[in-house]
Amino acid sequence: MRYHLITLGCPKNQVDSQGMEMLLQGASYTPTDDPDQADVLIVNTCGFLEAAQEESIGVLQELARRKRRGQILVAAGCLAQRNGDRILAQVPQVDGLLGTRRWMEIVALIRRIRAEGPRGRRLQRYALLGDPEQPFQAPVPRPPVVAGSAYLKIADGCNAPCTFCSIPSFKGRLRSRPLEAVVEEALNLVRGGARELVIVAQDTTDYGRDWGEPDSLPRLLQAICHRTDDRLRWVRLMYAYPGHVSDTLIQVMAQEEKIVPYLDMPLQHADPRVLRRMRRPSRLERVYDHIEKLRAAMPDLALRTTFIVGFPGETEAEFQRLLAFLQEVEFDKVGAFTFSPEPGTPAATLPDPVPEEVKAERYARLMEVQQAISLRRNQAQVGRVLEVLVEGEGTIQGSGEPLLLGRSYRDAPEIDGLVLVPGGTGVAPGEMVPVHIQGAMEYDLVGCLLQPQTFTSRGDGIRLEPASVHQSQ
Ligand code: SF4
C-alpha cells in the first residue's frame, strides 16, 4: 500500500505529518511522490487564514479531480478540525476527516474506510475529530529528522485572546505535553540524527500553565539539554509570547550551551492603541525590557518577530509608530503580513477597515525599512566563523559551480535565510561545519568552509584573520 501526503501550513502541522508518516510506515505503507500511484491520498490542511483555507480546498479538489476508483482521500489537520463541513461540501470525494489531535489514528481511519468498501464510503464519512479540551497526549512515534533538524511540539492550543486569531476557537486552550514525554521524544530524535531541535507550540512560553506551573519552559529546556548527549548541538525556541518571557527563561537560554542565542517573539504591532484592539500586550516598556535583558544576557542574539499591517482602524500615525519601533529595535529578521479578517473572530467585525491598496503599500514600506536593517545586521557577521548545519547542495545560476547550502544558529529552518558556501561540496546534509563568513545579503550569508578543528563552540563564532582561512576543495 502506498500513500501520498501533502502538508500545508506551519511547522506544527509538519510535526503532525511526520508523526502520521511514521505510523503509516510502521503499518507497512510506503510513501510515493506520485499521487496517481498512491492508494491513500492525505492532505494535512491549514485552517488559519482564509487564503490558507482556500489553498487547502484547492489542493484537495485537485487530488479529487484525479482520484481513481479505489483510492482513498483523507483531509486531516486544522481545516478538517475547524470546518469539516466546508471540506465535504466543496470536495465531496473526501472519504475521511481527521482532526488535529487525532492524527495518530490515521491508520485506524484508513482501515475503517477500506473495511466499508466503496458503497460504505459513499454512505458515510469518518470524522475523527478531536475534542479541543481533551489533554494533549500525542503518542511518540519517532518523526524523521530532516537534514539534522527536527521540530519538537511541546503543547497545542492557546490561551491568548488575540482578536484576529481563530486558533483558540478550534484548537482550544493550551494543553501541554507531559515533560517526560517531550524529553523522551527529544532523546529519540537525537538518536535518529537530530543535531537541532526546534521547539514549537502556539505559545511555547506558556508551557505548563495548564497544570498550574506557568513558567515550566526553562525546566523543560534544561531537561532536554542535560539529558541529551553531545550529538545535539542546537535547541531553538520559536513563538515566544512577549508577556511570558521570564527572567528565568532568559537566564537558562544564556546558560545552556545547547540553546542557541535565537528567539522568535511575534509582536504583531508596536502601537499601544493597535495592540489594545488586537488584545495583545500593549505596555511597550515591557517589550523593551525583555529585549534589553535578552540582548544583555546574549550579545549575539538573533531576534525574529512578526508584524501585521493594516489592522482595522490602523492610522498612518499608528503605522509610523511601528516603523519607528522597527528602526529603534533593529530586529535581525522580520516576517510581515497584511491583515485579513478571519470569520468568527472579533477583529473581523471591527469598524474602519484599511483599504487593500493601503495595506499593500504599508507592507512594502515596512519591508523596505526592514531589509536595510537585516542587511546591516547580516553585514555585522562578516569575519565571524559560524557553525553551519548543512541542508544540501545546489549550483550557482549561470556558472553551474557547486554550492553548499546550510543554516547558522541565526536562521530557523524554512523561514529564515541560508549560509551559502560557493565551491563547497561533499558534506552530507545534517553535518555541521565551520564556515568563515565573507559576504552578506538581506537574507543570506556567504562564506567558505574551514577545517573542522578551527571551530570552537556552539554558534558564538570567533573572528579570523584572512591568513587562517582555507578554501575547501
Ligand atoms: S498567541 Fe498566537 S495562536 Fe494564540 S491567539 Fe494569539 S495569534 Fe493566535
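In this text the structure is predicted, and so the values were computed from the model without any measurement. Residue numbers run from 1 in the order of the sequence given. Numbering of ligands and ligand atoms starts at 1, following listing order.
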* To do: Name all residues meeting the salt bridge (charged side-chain N to carboxylate O under 4.0 Å, His left out) criterion together with E316; count only those two or more places apart in sequence or in a different chain, and write none if there are none.
  => R362, R365
* Asked: Using a distance-only test with no angle check, is there a side-chain donor-acceptor pair under 3.5 angstrom linking D203 and H244?
  -> yes
* Would you kindly say whether T45 and S56 are connected by a side-chain donor-acceptor distance under 3.5 Å? => no
* To do: Kindly say whether T228 contributes a backbone atom to a donor-acceptor pair with the side chain of K258 at under 3.5 angstrom?
  => yes
* To do: Applying side chain to side chain contact (heavy atoms under 4.5 Å, CB included) between L237 and each of V260, L221, D264, report the one that passes.
  => L221
* Below 4.0 Å from any atom of ligand 1, is there a heavy atom belonging to F164? -> yes
* Asked: Which of the atoms of ligand 1 are close to R280, meaning less than 4.0 Å from one of its heavy atoms?
  -> 1 (S), 6 (Fe)
* **R231 side chain to G193 backbone, donor-acceptor under 3.5 Å** => no
* Cut-off 3.5 Å, side chains only: do S374 and E442 have a donor facing an acceptor? -> no
* May I ask you to determine how many protein N/O/S atoms are under 2.8 Å from atom 4 (Fe) of ligand 1? => 1
